[in-house]
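Working notes, structure below.
Computed from heavy atoms alone, side chains included, the values below leave out hydrogens, waters and symmetry copies. Throughout, numbering of the chain's residues begins at 1 and tracks the sequence. Counting convention: from 1, in listed order, for ligands and their atoms alike.
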Amino acid sequence: MTTKTRVVVVGGGLIGTWTALFLIKRGLKVTLIEKGVVGAQSSGTNFGNLRLQGRHPGQYPLSLRSQAIWEEIEELIGDRCEFEKTGHLYIAVNDAEQEKLEQHARVAESHGLVIERVGRDELHRRWPWLGETPQAATYSARDATANPRLVSVAVARAAQRLGVEVIENTRVTEVSRNGSGFAVKTEIGRVLECDAVVNSAGAWALEIAETFGETAPMFAAGPPQFVTEPLPYRVTPSIQAVDGSAIFRQIPRGNVIFAGYPRTAADHVLNRAPVPPVKTLNGMRSLMKIAPFLKSAQVIRVWSGIEGYLPDMLPVIGESEVAPGLYHAFGFCGHGFQVGPGVAAVLADLIVDGRTDTPIGIFSINRFKNAVQVSDKLAREFDMPASSNSRAG
Ligand SMILES: Cc1cc2nc3c(=O)[nH]c(=O)nc-3n(C[C@H](O)[C@H](O)[C@H](O)COP(=O)(O)OP(=O)(O)OC[C@H]3O[C@@H](n4cnc5c(N)ncnc54)[C@H](O)[C@@H]3O)c2cc1C
């Protein structure tokens with residue numbers, strides 16, 4: 001069966017669902033195709049941080065555009081998805097880390113964020129359950145959290161109500177040129193002819209990009225995560241140790257959710273993201289140092305996710321140079337939940353207006369034609385060389 005649509009969005013994660021919503025709102029006929037069910041991969045398994053502190057300087061315009069969309073989520077889709085402005089407390093345990101926080105704070109402030117410096121005494125007065133190790137912190141009240149298990153599904157539902165065709169449990173097997181547009185084939189033999197394709201296929205996105213001769217050194221990984229039994233509610237902000245060893249938040253139902261580095265390699269072919277038990281034990285040790293009241297908390301579930309990472313810790317966003325009308329948005333390196341709606345708004349700008357006011361040049365897939373600087377964090381965690389332009393293991 002062959003049908004016509006204006007845009008095919010491949011992948012029903014956060015990026016794909018928000019993009020479909022913004023495109024239909026701007027009057028385009030859209031079909032979204034998901035190989036499994038909407039929001040079941042990274043977009044549904046992530047930690048739920050909508051963190052503004054500590055981002056790459058070049059990502060702030062996109063990030064702030066995105067946060068403004070998160071702040072309107074209920075008006076946009078009719079569902080709050082547990083979005084809360086919890087604030088984000090970024091913790092240092094020594095002078096070197098405190099200096100790092102200061103550098104992050106200056107960058108964030110240059111983009112208009114309000115960052116509070118919190119010294120040891122005030123830290124322990126405002127959050128008395130903190131252990132002795134934190135010596136200073138920065139606090140950003142605009143940072144937020146939302147429930148990842150709810151968002152993509154709620155956005156897809158809102159898009160569907162406006163007329164987006166959402167096809168689940170169907171893999172896109174081929175994207176090819178068809179005149180000035182594209183033919184998108186699915187595993188059940190359906191062909192969709194369209195003017196534009198959005199490649200928001202997450203850790204699987206290279207399958208489409210490489211059809212057109214474009215590639216990136218992407219590999220699949222995810223931070224180990226766990227959740228504790230419900231405990232009396234006292235941790236209101238989202239907390240992050242600046243070395244990444246502990247990132248945690250408590251939901252009002254009482255459970256404490258944890259994420260932490262080092263990350264774990266995932267397998268996007270076998271569809272597995274195993275967490276070695278030692279990572280949960282180490283995570284619990286890091287957590288206890290910051291929040292000793294959690295020392296006898298029971299961990300009730302452990303998981304991670306299959307996320308595309310690129311060596312410079314920046315995603316690929318923008319129109320393909322070799323196949324105009326194909327738009328890539330993948331490789332979000334563990335921070336795509338926060339930027340997702342902003343990325344979708346940018347894709348809608350590009351597809352409808354042919355341009356965007358949000359700077360996205362640094363996210364071009366073409367940067368991998370030359371060797372890129374590997375992020376220090378990834379180099380340590382995955383034993384990578386200092387520069388890379390080939391696919392990592
Ligand atoms: C454990 C973990 C914790 C994280 N925590 C945070 C956090 O706190 N804050 C934050 O900002 N970010 C976080 N992230 C990152 C964030 O979850 C991701 O960056 C974001 O969800 C990526 O969304 P996506 O739509 O690109 O990818 P995905 O959610 O992976 O969606 C891509 C979809 O494409 C589908 N697909 C692939 N190939 C095909 C095909 N051929 N045909 C049809 N469908 C296809 C897949 O099935 C998938 O559903 C975390 C990630 C992980 C793994």
* Mind checking whether His335 and Phe337 have ring centres under 6.0 Å apart? ->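 They do not qualify: ring centres at least 6.0 Å apart.
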Based purely on interatomic distance, does [X] place a nitrogen or oxygen under 3.5 Å from a nitrogen or oxygen of ligand 1?
X	result
Leu14	yes
Val37	no
Gly334	yes
Phe337	yes
Ser43	yes
Cys333	no
Ile15	yes
Val172	yes
Asn46	yes
Glu307	yes

* Linked, directly or transitively: Ile24 and Tyr327 (ILVMFWY side chains, under 4.5 Å) ->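 Yes; Tyr327 is reachable from Ile24 via cluster members.
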Would you mind listing which atoms of ligand 1 come within a distance below 4.0 Å of any non-hydrogen atom of [X]?
X	answer
Gln338	10 (C), 11 (O)
Phe332	19 (O), 26 (O)
Ile33	43 (C), 44 (N)
His335	10 (C), 11 (O), 12 (N), 15 (C)
Asn49	7 (C), 8 (O), 9 (N), 10 (C), 11 (O)
Gln225	1 (C), 2 (C), 3 (C)
Arg171	41 (N), 42 (N)
Gly13	25 (O), 29 (O), 31 (O), 33 (C)

* Asked: Relative to the ring of Phe226, is the ring of Phe258 parallel (under 30°), tilted (30 to 60°) or perpendicular (over 60°)?
  ->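 Ring orientation, 0 to 90° scale: parallel.
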* To do: Specify whether Phe248 and Trp129 have parallel, tilted or perpendicular ring planes, treating 30° as the upper limit for parallel and 60° as the lower limit for perpendicular.
  =>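 The rings of Phe248 and Trp129 stand perpendicular, inter-plane angle above 60°.
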Residues 153-160 side chain polar contacts: donor-acceptor under 3.5 Å, at least two apart:
none

* Asked: Just how far is it from atom CD1 of Ile351 to atom OG1 of Thr19, taken to the nearest 0.5 Å?
  ->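 One gets 7.0 Å once the value is rounded to the nearest 0.5 Å.
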* Give a yes/no verdict on a cation-pi contact between Arg234 and Phe293, requiring under 6.0 Å between NZ or CZ and the six-membered ring centre and an angle within 45° of the axis. =>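 Yes, a cation-pi geometry holds between Arg234 and Phe293.
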* Lys NZ or Arg CZ of Arg249 over Phe47 ring: under 6.0 Å, within 45° ->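 Because its charged atom sits under 6.0 Å from the ring centre and within 45° of the axis, Arg249 does stack over Phe47.
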Heavy-atom contact under 4.0 Å between [X] and ligand 1?
X	answer
Gly48	yes
Ala259	no
Pro223	yes

* Asked: So Glu122 and Arg126, salt bridge (Lys or Arg N to Asp or Glu O under 4.0 Å) or not? Walk me through it.
  -> CA-CA 6 Å; Glu122 194 191 344; Arg126 283 169 71 176; 2.8 Å; yes
* Asked: Can you tell me if Asn49 and Ser238 form a side-chain donor-acceptor pair at under 3.5 Å?
  ->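 Checked: Asn49/Ser238 side chains pair up, N/O donor to acceptor below 3.5 Å.
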* Does a side chain donor of either Gln338 or Ser63 reach within less than 3.5 Å of an acceptor in the other side chain? ->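 A donor-acceptor contact under 3.5 Å links the two side chains.
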Which protein heavy atom lies closest to [atom], and at what distance to 0.1 Å?
atom	result
atom 33 (C) of ligand 1	Glu34 OE1, 3.5 Å
atom 27 (O) of ligand 1	Gly202 CA, 3.8 Å
atom 37 (C) of ligand 1	Ala201 O, 3.3 Å

* Below 4.5 Å, heavy atoms only, C-beta onward: do His88 and Tyr139 meet side chain to side chain? ->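 No, their side chains stay 4.5 Å or more apart.
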* Lys279 side chain to Pro262 main-chain N or O, any donor-acceptor pair under 3.5 Å? ->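 Side chain of Lys279 to backbone of Pro262, a donor-acceptor pair under 3.5 Å: yes, one is there.
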* Asn147 side chain to Cys81 backbone, donor-acceptor under 3.5 Å ->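 Here the side-chain-to-backbone pair does not exist.
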* Asked: Which of the listed options, Gln41, Arg55, Lys35, holds the heavy atom that is closest to atom 43 (C) of ligand 1?
  ->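 The nearest heavy atom belongs to Lys35.
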* Asked: What part of Val10 sits under 4.0 Å from ligand 1 if we count only heavy atoms: the side chain, the backbone, both or neither?
  ->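 The answer is the side chain.
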* To do: Kindly determine whether Glu132 and Lys289 satisfy salt bridge (Lys or Arg N to Asp or Glu O under 4.0 Å), including the steps that lead there.
  => CA-CA 8 Å; Glu132 283 308 306; Lys289 285 187 202 147; over 6 Å; no
